[in-house]
Undergrad: 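First the structure, which I've put down as structure tokens, then a few questions once you've had a look.
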Protein chains: 2
Amino acid sequence: MSSQLDQLCANTIRTLSMDGVQKANSGHPGMPMGMADVAYVLWTKYLKHNPKNPNWVDRDRFVLSAGHGSMLIYSLLHLTGYDVTMEDLKNFRQTGSRTPGHPEFGMTPGVETTTGPLGQGFATGVGMAMAESHLAAKFNKDGYSIVDHYTYAIVSDGDLMEGVSHEAASMAGHMKLGKLIYLYDSNMISIEGSTELAFTEDVKKRFEAYGWHVIEIDGHNHSQISSGIEEAQSITNKPSLVICKTKIGFGSPNKEGKEESHGSPLGDDEIVLTKEVYGFDPEKKFFIPDDALEVFRGEVAKGATSEAEWNANFEAYASSYSDEAASFTKWMNREISMDLEAALPKFEVTDNGPATRASSGKVINAIKDVVPNLFGGSADLGPSTKTDINGEGEYSAETPEGRTIHFGVREFGMAAAVNGMALHGGVIPFGATFFVFTDYLRPALRLAALMKAPSIFVMTHDSIGLGEDGPTHQPVEHLASIRAMPNVTVLRPGDANEVAYAWKVAIENTSSPTVLVLTRQGMPTYERTDANSASLVAKGAYIFADSEKETPDAILIGTGSELHLAVNAKAELKEKGVDARVVSMPSWDLFEKQSAEYKENVLPKSVTNRISIEAGSTFGWERYVGAEGTAIGLDTFGESGPAEELYEHFGITTAKMVEAAS
Amino acid sequence: MSSQLDQLCANTIRTLSMDGVQKANSGHPGMPMGMADVAYVLWTKYLKHNPKNPNWVDRDRFVLSAGHGSMLIYSLLHLTGYDVTMEDLKNFRQTGSRTPGHPEFGMTPGVETTTGPLGQGFATGVGMAMAESHLAAKFNKDGYSIVDHYTYAIVSDGDLMEGVSHEAASMAGHMKLGKLIYLYDSNMISIEGSTELAFTEDVKKRFEAYGWHVIEIDGHNHSQISSGIEEAQSITNKPSLVICKTKIGFGSPNKEGKEESHGSPLGDDEIVLTKEVYGFDPEKKFFIPDDALEVFRGEVAKGATSEAEWNANFEAYASSYSDEAASFTKWMNREISMDLEAALPKFEVTDNGPATRASSGKVINAIKDVVPNLFGGSADLGPSTKTDINGEGEYSAETPEGRTIHFGVREFGMAAAVNGMALHGGVIPFGATFFVFTDYLRPALRLAALMKAPSIFVMTHDSIGLGEDGPTHQPVEHLASIRAMPNVTVLRPGDANEVAYAWKVAIENTSSPTVLVLTRQGMPTYERTDANSASLVAKGAYIFADSEKETPDAILIGTGSELHLAVNAKAELKEKGVDARVVSMPSWDLFEKQSAEYKENVLPKSVTNRISIEAGSTFGWERYVGAEGTAIGLDTFGESGPAEELYEHFGITTAKMVEAAS
């Protein structure tokens, strides 16, 4: 059971949450009210954190997967002494505030990941726990548990209905992530009403089937909450799900246990009634009893002590294991070796060069020593995506130090886990699959973009060039649809050496996810000079082969496997007396970031005879070819057949380019 | 056990599949070889089908969710007498053939749905079974089981790893779909190797947790296969999963049980060895023993008899229940009532009109009687998406005749199920959620587009106009990213009366999915004349308010909730002496389908002063505003705050439009 003081503390979370939502006249009070007891116990008795340093590397990670209950975490952050002020709470959901409608990473100190789109917090937390276990295996030594923290999450009915929760839970069970502890707010209410309407599975049995340890408790009973968390901590070879039976809108005389408390303010009258139930003064808003504040603010001193102990331990570690300590610091700061560029392979010039997926595989293995924290794998397509990190072992429960991850056929779960690893820090994570399955992981790509998380996605088999697998596997609109997404760095390199520099961009990128778009099929590897150095990939577009005239008669723009079609077209056009420039354009977004002068130099406005070629949708290419230009591409679905035949069939050819430019 | 003849038949499937893949030099032989026994037993002893009429309405539906094993179904179709010739088998994976790399609906008689992207066949089948149960409840009478068929699928390890399998399985268990029977090819092999690498969950326990009946059998033992299917048929209040333990590449001396047999041809030498194991002449390719053919072709006569019996039964039904029989025929033929247009509500002119989600809800309820087979619901957002069909009951195991579906928080599962319902026929299905969650269901939208399946998706809360929920819930790039997808009809209506006609387009559309993109917030409802009739929505774009001059000084293009900003800008510009035209452009794709003349009439090339306004990414708008025009929109993520403030903050305003046009 719980003391009066404990009740007061939990009710303080409730009243702050109710008041915040009411003042904003928008939001979700029911969940914070339902989970206040669990959150209170977790945050004041178990969570290892330092409110004055939310970036302490060995803190426990806490994810509010049910992000709509954002007032819960904002209340906790304020109460336990993070830099979240009362003013911030009062500005809940206001333009420019640090307390947006759903928790946003980078916006509010103490928010570990952006949540709201259901299921993703669940899967992102799994990635955090994976990073923890990998780093622990890499760095911990006898007597020195430098990396040793839990990953907690509060998850909801909605989270568990989403497919990504299945993928991530099955993965976490397989990986035996013993330090993953999820608290499931089982309140039996969703937006449309009782969960009986649509959600009647046996959650306990389901999670046991995944290999989780499952505990059931009364989510309003503080001693059960404590024993549930302690039991979960004691199980070190399985993730734990603590099923907390709760009442949504707990304490509200008219809305407890009802969907009405889920997504709308309770209303002033109901708030008065509810505060009376709690024994709070109904007249006071955003009121924090001194006794409660004292309990919560105890976290400040506890947190300082925790971190100081860790620091002392780390110093001792550093004196015994100086190399490891230095590496650990570099990894956690995402310091990139100065040797990265030197380590990039130089691919030989050849007409029959490798597929860009193959050169990517070579790059990964060439840089694995200078980027020792590169850590990733594929959604059961490693042999196809060429993303295995050779000789470095496979990440598993038994060998968490292994660097190649088997994510299984779980693209969305993989991508969300990659985000979690990127947010955790210490590793430079990547995930790989076929480019067409960007669709499967798109919601996680979007959250990475929104969070500025440096997740890397290696997407191969990027066009009809994959051939016989047919239209279900042939991307068409995928380039357009990810280029349209804000803050994603998309690169489709045009030969093997562009691949090398594309990887450099990805590794060095710390402010957005990077998507590498790579071919199944081979293509030429080109001669390079200073003028068309493959390092120019970083500028997004560059003059690959210039006209003899200062002002070209035509500009031919190619990306990826179609760059060589543009190069061939230039040669044919020359015989026809058309003096064309070839522009390689691996990345629209990087090009857009260049100076107006650079852009004008590459694509001078005066040249309106422009032809682009790309084996994908022409959607958006008007931006670069203009009203008088021609975009050659594919605006229908593909077909099943040998790749070369498909290029001919769909008219993505040098001949079409020559015709358009003449 | 199985007779020699049974073995011969199963091995015939195997040898055809091996030979098909080898000839194409591309494909997946291992799965057809592993599941040949199961498929043979199902198709010749249990499947109710008529090879000479693949469209017989009461046939069992068969879904090869593991679509990479396409030679399995092509072999079965040929052997049992469908219009799939030996020539077709020999043309496997060739350009223009009817036997593409993965099964494609509409390409090959007998293929019920396109599969390949894993997990989707599983979920699509659930939709087929939902449609069956709904139609059965609507039409069956004592003694007349007009609608009474099973939905079978072969599903793989990969299918079960995908999150959508979780969503659909949980849904199917909840809905107690007793006539859903899935045969799980448990071969313990995926592309990267043993499923032990990434997939160690207890599938039996997991599916029992969902409320399924689970049976385990040896997938090479014909009597166990039979008893497994019969047991599944006997369980009428739960879906059944028959776990078939199989060996991938069964019979291949060197590749059985290995990932090498999964995704590449076996090779000529191994085929010789394998045919010797089967007792087949290793020299013969695409060989069908006469005895085996006789067994398989027995399906032709059986199928004719089955359908004839059904026809006789239906005639008797029609004489007792003539109205129902007539309705049934109309429903199955997707005949739309001539009264649809008359039933559309006429919304009154007002400055403070409803949100388009609200008018959509009114339209749904106004047409529910003239479109009695409209059947759908929301992914736990009914109160927000306004998609409940009032007074018509809720679809559930107990009330399958109900028309409002509670899909739960399962966007992808919902969309795939909607596809399954559309493919099944008889119902006009829709699914609804927030527009930002297009990302969650995108893979199913793509398959609908590829299949030309008339699924309807109602996507509300379509921009920063949703306000406080913030950037996780505010679509930005979503319009661009679905406009880029081939064969999707996307409509973003600009007032309530446009919504009515947008629904008419959706209902009448039989060749593509339709996405209705609707607002959270209110907007004006406009006066209409013949010249700007809301019925012009069907043309994609039209002159909403013309200039006085024949050639306007400017063209202002608006969509959805921004149409009224363009209308206001026209008025302000007029005071400044600029005589502008307003074009309402609810649908790019419908506009692109109009004649060149119509397009030139709406957007004359001579007018280059063009401004578009839309609260979303400007990506792609160059197509309509041209190099000299201005696209007003939002190319970053949104923010959490009141909607009106956000419009100001991001500059999506009449003032910006006026400024750009002046």
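These numbers come from the heavy atoms of this one structure, side chains and all, not from hydrogens, waters or symmetry mates. In what follows, chains carry the letters A, B, and so on, assigned in the order in which the sequence lines appear, proteins first and then strands, with residues in each chain numbered from 1.
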Undergrad: Going by heavy atoms in the side chains, are B:Glu639 and A:Met107 under 4.5 Å from each other?
TA: no

Undergrad: Could you tell me which portion of A:Ala627 (side chain, backbone, both or neither) has an atom closer than 4.5 angstrom to a non-hydrogen atom of chain B?
TA: neither

Undergrad: Where on B:Ala449 is there a heavy atom nearer than 4.5 Å to chain A: the side chain, the backbone, both, or neither?
TA: both

Undergrad: Which heavy-atom pair separates B:Tyr440 from A:Leu118 by the least distance, and what is that distance?
TA: OH-O, 2.8 Å

Undergrad: Among A:Ser97, A:Gly470, A:Gly158, which has the most heavy-atom pairs under 4.5 Å with chain B?
TA: A:Gly158

Undergrad: Mind ranking B:Glu167, B:His102, B:Gln94 by heavy-atom pairs under 4.5 Å with chain A and telling me who comes out on top?
TA: B:His102

Undergrad: Please classify the contact of A:Glu394 with chain B as side chain, backbone, both or neither, using a heavy-atom distance under 4.5 Å.
TA: side chain

Undergrad: Against chain A, work out which of B:Ser26, B:Ala24, B:Ala168 has the most heavy-atom pairs shorter than 4.5 Å and name it.
TA: B:Ser26

Undergrad: Under a 4.5 Å heavy-atom cut-off, does chain A meet the side chain of B:Pro475, its backbone, both or neither?
TA: backbone

Undergrad: With chain A as the partner, which of B:Arg483, B:Glu645, B:Arg93, B:Glu104 has the greatest number of non-hydrogen pairs under 4.5 Å?
TA: B:Arg93

Undergrad: Go through the atoms of B:Glu196 and report whether side chain, backbone, both or neither lie under 4.5 Å from a heavy atom of chain A.
TA: backbone

Undergrad: Report which part of B:Glu162 has an atom under 4.5 Å of a heavy atom belonging to chain A: side chain, backbone, both, or neither.
TA: both

Undergrad: Select one option (side chain, backbone, both, neither) describing which atoms of B:Phe434 are under 4.5 Å from chain A's heavy atoms.
TA: neither

Undergrad: Check step by step if side-chain contact (heavy atoms from CB on, under 4.5 Å) holds for A:Thr195 and B:His174.
TA: CA-CA 11 Å; A:Thr195 52; B:His174 172 78; over 6 Å; no

Undergrad: To check you understand the geometry: which heavy-atom pair defines the closest contact between B:Tyr210 and A:Arg206, and what is its length?
TA: CE2-CD, 4.0 Å

Undergrad: Answer yes or no: are there more than 12 heavy-atom neighbours, outside B:Lys205 itself, under 6.0 Å from its atom NZ?
TA: yes

Undergrad: Go through the atoms of B:Leu447 and report whether side chain, backbone, both or neither lie under 4.5 Å from a heavy atom of chain A.
TA: side chain

Undergrad: Please flag which part of A:Gln474 lies under 4.5 Å from any non-hydrogen atom of chain B: side chain, backbone, both or neither.
TA: backbone

Undergrad: Who are the ring pair (Phe, Tyr, Trp, His ring centres under 6.0 Å) partners of B:His262, not counting sequence neighbours?
TA: B:His28, B:His68

Undergrad: Counting heavy-atom pairs under 4.5 Å to chain A, which of B:His478, B:His649, B:Glu259, B:Lys204 comes out on top?
TA: B:His478

Undergrad: Side chain, backbone, both or neither: which part of B:Trp212 has an atom under 4.5 Å from a heavy atom of chain A?
TA: neither

Undergrad: Taking side chain as everything from C-beta outward and backbone as N, CA, C, O, which of these in B:Ser190 sits under 4.5 Å from a heavy atom of chain A? Side chain, backbone, both or neither.
TA: both

Undergrad: Might you confirm whether atom CD of B:Glu592 has over 12 heavy atoms from other residues, nucleotides or ligands at distances under 6.0 Å?
TA: yes

Undergrad: Using a 4.5 Å cut-off on heavy atoms from C-beta on, say whether the side chain of B:Pro486 contacts that of A:Glu477.
TA: yes

Undergrad: Tell me the closest heavy-atom pair linking B:Arg410 and A:Phe199, and the distance in Å.
TA: NH2-CD1, 3.6 Å

Undergrad: Output the option from B:Met175, B:His473, B:Met171 having the highest count of non-hydrogen pairs under 4.5 Å with chain A.
TA: B:His473

Undergrad: Highest number of heavy-atom pairs under 4.5 Å with chain B: which of A:Thr99, A:Thr438, A:Leu197?
TA: A:Leu197

Undergrad: Does any non-hydrogen side-chain atom of B:Val476 lie less than 4.5 Å from one of A:Arg446?
TA: yes

Undergrad: Heavy-atom cut-off 4.5 Å, strictly under: side chain, backbone, both or neither for B:Phe412 against chain A?
TA: side chain

Undergrad: Counting only non-hydrogen atoms closer than 4.5 Å, does A:Glu628 touch chain B with its backbone (N, CA, C, O), its side chain (CB onward), both, or neither?
TA: neither

Undergrad: Count the heavy-atom pairs under 4.5 Å between each of A:Pro100, A:Gly163, A:Ser70 and chain B, then report the option with the highest count.
TA: A:Gly163

Undergrad: Is chain A contacted by the side chain of B:Val436, its backbone, both, or neither, given a heavy-atom distance below 4.5 Å?
TA: side chain

Undergrad: Should we count CD of A:Glu260 as having more than 12 external heavy atoms under 6.0 Å?
TA: yes

Undergrad: Kindly say whether B:Leu160 contributes a backbone atom to a donor-acceptor pair with the side chain of A:His166 at under 3.5 angstrom?
TA: yes

Undergrad: I want to check something: taking the side chain as every heavy atom from C-beta on, are B:Pro642 and A:Thr95 in contact at a cut-off of under 4.5 Å?
TA: yes

Undergrad: Looking at A:Gly119, A:Gly211, A:Pro383, which one has more heavy-atom pairs under 4.5 Å with chain B than the rest?
TA: A:Pro383

Undergrad: What part of B:Met485 gets within 4.5 angstrom of chain A, counting heavy atoms only: side chain, backbone, both, or neither?
TA: both

Undergrad: Distance check, rounded to the nearest 0.5 Å: B:Met451 atom CE versus A:Phe637 atom CZ?
TA: 10.0 Å

Undergrad: Let me know if A:Phe207 has heavy atoms under 4.5 Å from chain B in its side chain, its backbone, both or neither.
TA: neither

Undergrad: B:Gly626, B:Ser617, B:Ala484, B:Gly101: which one forms the most heavy-atom pairs within less than 4.5 Å of chain A?
TA: B:Ala484

Undergrad: If I measure from the heavy atoms of chain A, does B:Thr618 come under 4.5 Å with its side chain, its backbone, both, or neither?
TA: both

Undergrad: To the nearest 0.5 Å, what is the distance between CZ on B:Phe92 and CD on A:Glu468?
TA: 9.5 Å

Undergrad: Using side-chain heavy atoms (C-beta onward) and a distance below 4.5 Å, is B:Arg442 in contact with A:Ser481?
TA: yes

Undergrad: Based on non-hydrogen pairs under 4.5 Å, which of A:Ile191, A:Leu479, A:Thr115, A:Leu634 is most in contact with chain B?
TA: A:Ile191

Undergrad: Tell me, for B:Ser378 versus chain A, whether the close heavy atoms (under 4.5 Å) come from the side chain, the backbone, both or neither.
TA: both

Undergrad: Which heavy-atom pair separates A:Leu450 from B:Pro471 by the least distance, and what is that distance?
TA: CD1-CB, 3.8 Å

Undergrad: Please answer whether the main-chain N or O of B:Gly382 pairs with a side-chain N or O of A:Glu192 as donor and acceptor at a distance below 3.5 Å.
TA: yes

Undergrad: With a 4.5 angstrom heavy-atom cut-off, is it the side chain or the backbone of A:Asp380 that approaches chain B, or both, or neither?
TA: both

Undergrad: Less than 4.5 Å to any heavy atom of chain A: does that hold for the side chain of B:Asp469, its backbone, both, or neither?
TA: both

Undergrad: What part of A:Thr200 lies closer than 4.5 angstrom to a heavy atom of chain B: side chain, backbone, both or neither?
TA: both

Undergrad: May I ask you to name which of A:Asp157, A:Asp635, A:Asp202, A:Asp439 has the most heavy-atom pairs under 4.5 Å with chain B?
TA: A:Asp439

Undergrad: Examine whether an atom of A:Thr636 lies under 4.5 Å from a heavy atom of chain B, and if so say whether it belongs to the side chain, the backbone or both; otherwise answer neither.
TA: backbone

